[in-house]
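Contents: one structure, followed by commentary.
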Amino acid sequence: MDLLRFITAGSVDDGKSTLIGRLLYDSKNILVDQLEALEKSTKNRTDGSVDLALLTDGLRAEREQGITIDVAYRYFTTPKRKFIIADAPGHVQYTRNMITGASNASLIIVLVDARQGVVEQTRRHSIIASLLKIPHVVVAINKMDLVEYSQDIFNNIVIDYAEVAKQLGLKNVTYIPISALKGDNIVDKSEIIDWYDGKPLLEFLEEVDTAHDIDLDNARFQVQFVIRPQTEELHDYRGYAGKIISGIYKKGEKVKVLPAGLETTISKLEVGGREVEEVFAPQAAVIQLADDIDISRGDAIVKTGDTPVVGNELEVLLCWLDDKPLQTGNKYYLQHNSRLVRAVVRSIEYKLDVNTLQQQPVEGGVKLNEVVKATIKTASPLVYDPYDQFVVNGSAILVDETSNSTVAAVLLQ
Amino acid sequence: MSKYHLDYLEQLEAESIHIFREVAAQFERPALLFSGGKDSITMVHLAKKAFAPGKIPFPLVHIDTGHNFPEALEFRDWLAKEVNATLVVRKVEDTIKEKNLTEPKGKFPSRNWLQTYTLLDTIEEFKFDACIGGARRDEEKARAKERIFSVRDEFGQWNPKLQRPELWNIYNGRIHKGENVRVFPISNWTELDIWNYIRKENIDLPSIYFAHERQVIEHEGQLVAISEFVQPDANDVVLTKQVRYRTVGDMTCTAAVESTAANLDEVINEIIATRISERGETRIDDKVTEAAMEDRKKNGYF
Ligand SMILES: Nc1nc2c(ncn2[C@@H]2O[C@H](COP(=O)(O)OP(=O)(O)O)[C@@H](O)[C@H]2O)c(=O)[nH]1
């Protein structure tokens, strides 16, 4: 059994909460007491039905205002997979929430209201999906019951979306006609939508092939923590603990430590205290090296002959996540996995319209939810890959030195 | 399937180990809040793996309400020795005396709320800057939105509206003086994941997790053990039942479930078969209001 993380995106009222509620409900991941609480809070409804959307509604402020304002995580399991849903609600802070939720997702469900078709929000969500390189896209065309389950309407939406997908270079797009409310094509194949010969949503989610989402060819590793027990029997032990970001490392292989550039070989590999011959992504491992080299947190260990970019003048896309605007010349901390360096935003080239992808001039500062192309200079070099080629080694965050908030998502170019 | 493939438990494990190492690297004085339950025990196991062959680079801190199951305390002491970790115990009893707090009354006098005071004092005493907790997002609705690194102000309070975005696997643990971070390495695990992992890794648990005989009374459909802390009223019927516990909290507010499950396989089978979530089934105080957890978290509870 493996794990799939996905995000759901849609405009307000497209039926996102209903869909998630339906997935949890129909896959029997709602427990009796939760159901009771749910029934209690829907007691006042006139038609006596349970409001599935309530299942996914979190904090009290939101309950009171009747809106969802933050990313929430939901869990459900089928015999085939464990699923983690990042539920990022549509609202003012949407881009910020969606980027947060999408950053770990390997699949996105873009909800489209069958009555509305592809709207500006659909485009916007898809642009974010393409910026963040989410490997799989499901376009769930919802509320089919309100358009008499019309195949024509479905087909037209598919044609419209295919245009968007082409523009954005989205691959692996799957279209499913559903009714979240009635349960059509969610867990079981809809009998009414007999013209659709694909899988129902849950089955698709269970079977989508994610094995290739992890890169096993290019080996990347960054030191998180240096293990030095300094006990009598482990007197000289020095292990570099970290996550295998991508690829495979084998005992005896030649490696290079960056940014210093020193070469050595792997003398020992461990996972969870057990010695192994090889380690692979995304394992949490410990690497020991043959030579005594000065290595600290944030340094990279890569293979000779397959090295990432080393540099401190960075071209980046910044997704701004903070209320306080960004001005050219502002200083921040940049955190790339476990490497923390001081950074200054040298220049802001243009703003990317997240509805049209058009480049626009930046006037004044960069505001919350805006995406800009910028150049950043860091105090010491980063060891990275362009995000487009290598998501896991091409992403970083900016941290405000004074508020300590995470203010931007950084996609290294 | 390729041999370079992790199943879901291995993926969850790798993620949790990554988080533990981030904590050890980013903070000067972290602590693992150890409650004695299976989630804490799993965390200790993960921490051990994260830092092997070194020892766990932070103490286990137990905020002792004084209402614990003796089996859990015994196990706690054994485990700390076993993994060679430093154990810090601070007692709610002492805080009550020191601060002249009012003891909760009633038949099920829960000191859960008072724990917060002792915890905040302990954080102050040791200047802990990161407290690792075993909360899971599947436990309860308010938790579903909490970050893995969750910043608390000087009063230990959580502000759900001011959470930092948490992107990719990058954890921002920078804080101001006086603030601290609650870190939840098993956020993405469900109850069943924990049980399956315990089975896979052969992790030892206190005996009360398995079926045993106990004298209990029934309270609003839940079974509460008779103990030094909970005494039957005149109209209670004391029953002797085969029970086990799904969570190990205070004897005053943790209910038992009827069970014959004597080993892990049987426990897991029972859990799969039941359809009642952990919190609803075993926490007597949680049912009070739906927003109870949210309130408590805002006030600095774990
Ligand atoms: N007829 C119909 N109504 C739906 C469907 N899905 C959602 N709705 C309704 O649309 C409204 C908004 O749904 P909700 O899930 O709250 O939308 P969200 O804002 O995207 O989370 C609610 O009244 C739902 O009952 C559907 O498939 N068919």
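This one's a predicted model, so the numbers in the text were calculated from it and none came from an experiment. Every chain is numbered from 1 and lettered A, B, ... according to where its sequence line falls, protein lines coming before strand lines. The figures here come from the full heavy-atom set of this structure, side chains too, leaving out hydrogens, waters and symmetry mates.
- Both the backbone and the side chain of A:I397 come within contact range of chain B, with heavy atoms under 4.5 Å apart.
- Heavy atoms of A:L4 lying under 4.5 Å from chain B are absent altogether.
- A salt bridge links B:R136 and B:D138; the closest N-O separation between the charged side-chain nitrogens and carboxylate oxygens is under 4.0 Å.
- Ranked by heavy-atom pairs under 4.5 Å with chain A, the list B:R147, B:K48, B:E179, B:E22 is led by B:E22.
- Using a 4.5 Å cut-off between heavy atoms, A:Y73 touches chain B through backbone and side chain atoms alike.
- Looking at A:V410, only its backbone comes within 4.5 Å of chain B, counting heavy atoms on both sides.
- With a threshold of 4.5 angstrom between heavy atoms, B:E15 approaches chain A through side-chain atoms but not through N, CA, C or O.
- Under the 4.0 Å criterion applied to side-chain N and carboxylate O atoms, A:K82 and A:D2 are not assigned as salt-bridge partners.
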Stepwise, does the salt bridge (charged side-chain N to carboxylate O under 4.0 Å, His left out) test hold for B:E270 with B:R246? CA-CA 11 Å; B:E270 279 191 8; B:R246 286 178 77 171; over 6 Å; no
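- Residues A:R74 and A:D87 are paired through a salt bridge, judged by an N-O separation under 4.0 Å between the basic side chain and the carboxylate.
- Looking only at heavy-atom pairs under 4.5 Å with chain B, the residue among A:G101, A:A396, A:G239 that has the most is A:A396.
- Taking chain B as the reference chain and counting heavy-atom pairs below 4.5 Å, the highest number among A:I248, A:N337, A:I84, A:V286 is found for A:I248.
- Ion pairing of A:D299 with A:R339 is present here, as a side-chain N (NZ or NE/NH1/NH2) and a carboxylate O approach within less than 4.0 Å.
- Only the side chain of A:R5 comes within contact range of chain B, judged by heavy atoms closer than 4.5 Å.
- When A:A105, A:A281, A:S403 are compared by the number of non-hydrogen pairs under 4.5 Å with chain B, A:S403 comes out ahead.
- Between B:F20 and B:F58, the ring-plane angle classifies as parallel under the 30° and 60° cut-offs.
- For A:F225 and B:F51, the gap between ring centers is short of 6.0 Å.
- Comparing A:R274, A:H336, A:R228, A:Q283 by how many heavy-atom pairs each has under 4.5 Å with chain B, the most go to A:Q283.
- The pair B:E201-B:K49 counts as a salt bridge, with a side-chain nitrogen and a carboxylate oxygen less than 4.0 angstrom apart.
- Note: A:V399 leads A:V392, A:I99, A:V399 in heavy-atom pairs under 4.5 Å with chain B.
- For B:Y197 and B:W189, the gap between ring centers is short of 6.0 Å.
- Contact annotation for A:A285: only backbone heavy atoms (N, CA, C, O) come within less than 4.5 Å of a heavy atom of chain B.
- Within the 4.5 angstrom heavy-atom criterion, no atom of A:A211 approaches chain B.
- The residue among B:T190, B:L6, B:D193 with the most heavy atom pairs within less than 4.5 Å of chain A is B:L6.
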Give the C-alpha distance, both sets of side-chain angles, the deciding distance and a yes or no for salt bridge (charged side-chain N to carboxylate O under 4.0 Å, His left out) between B:R244 and B:E258. CA-CA 6 Å; B:R244 67 177 167 82; B:E258 272 200 90; over 6 Å; no
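- For A:Q230, no part lies near chain B; criterion is any non-hydrogen pair under 4.5 Å.
- Options B:P53, B:A52, B:A25 differ in how many heavy-atom pairs under 4.5 Å they form with chain A, and the most are formed by B:P53.
- Neither the backbone nor the side chain of A:I244 comes within less than 4.5 Å of any heavy atom in chain B.
- Ion pairing between a basic and an acidic side chain is recognised when a charged N comes within 4.0 Å of a carboxylate O; B:K200 and B:E13 show no such pairing.
- B:A24 touches chain A through backbone and side chain together, each having a heavy atom under 4.5 Å away.
- Salt-bridge check for A:E278 with B:K3: passed, with a basic side-chain N closer than 4.0 Å to an acidic carboxylate O.
- Neither the backbone nor the side chain of A:V226 comes within contact range of chain B; no heavy atoms are under 4.5 Å apart.
- If you check the side chains of A:T406 and B:N172, you find a donor sitting under 3.5 Å from an acceptor.
- Neither the backbone nor the side chain of A:T231 comes within contact range of chain B; no heavy atom of the residue lies under 4.5 Å from a heavy atom of that chain.
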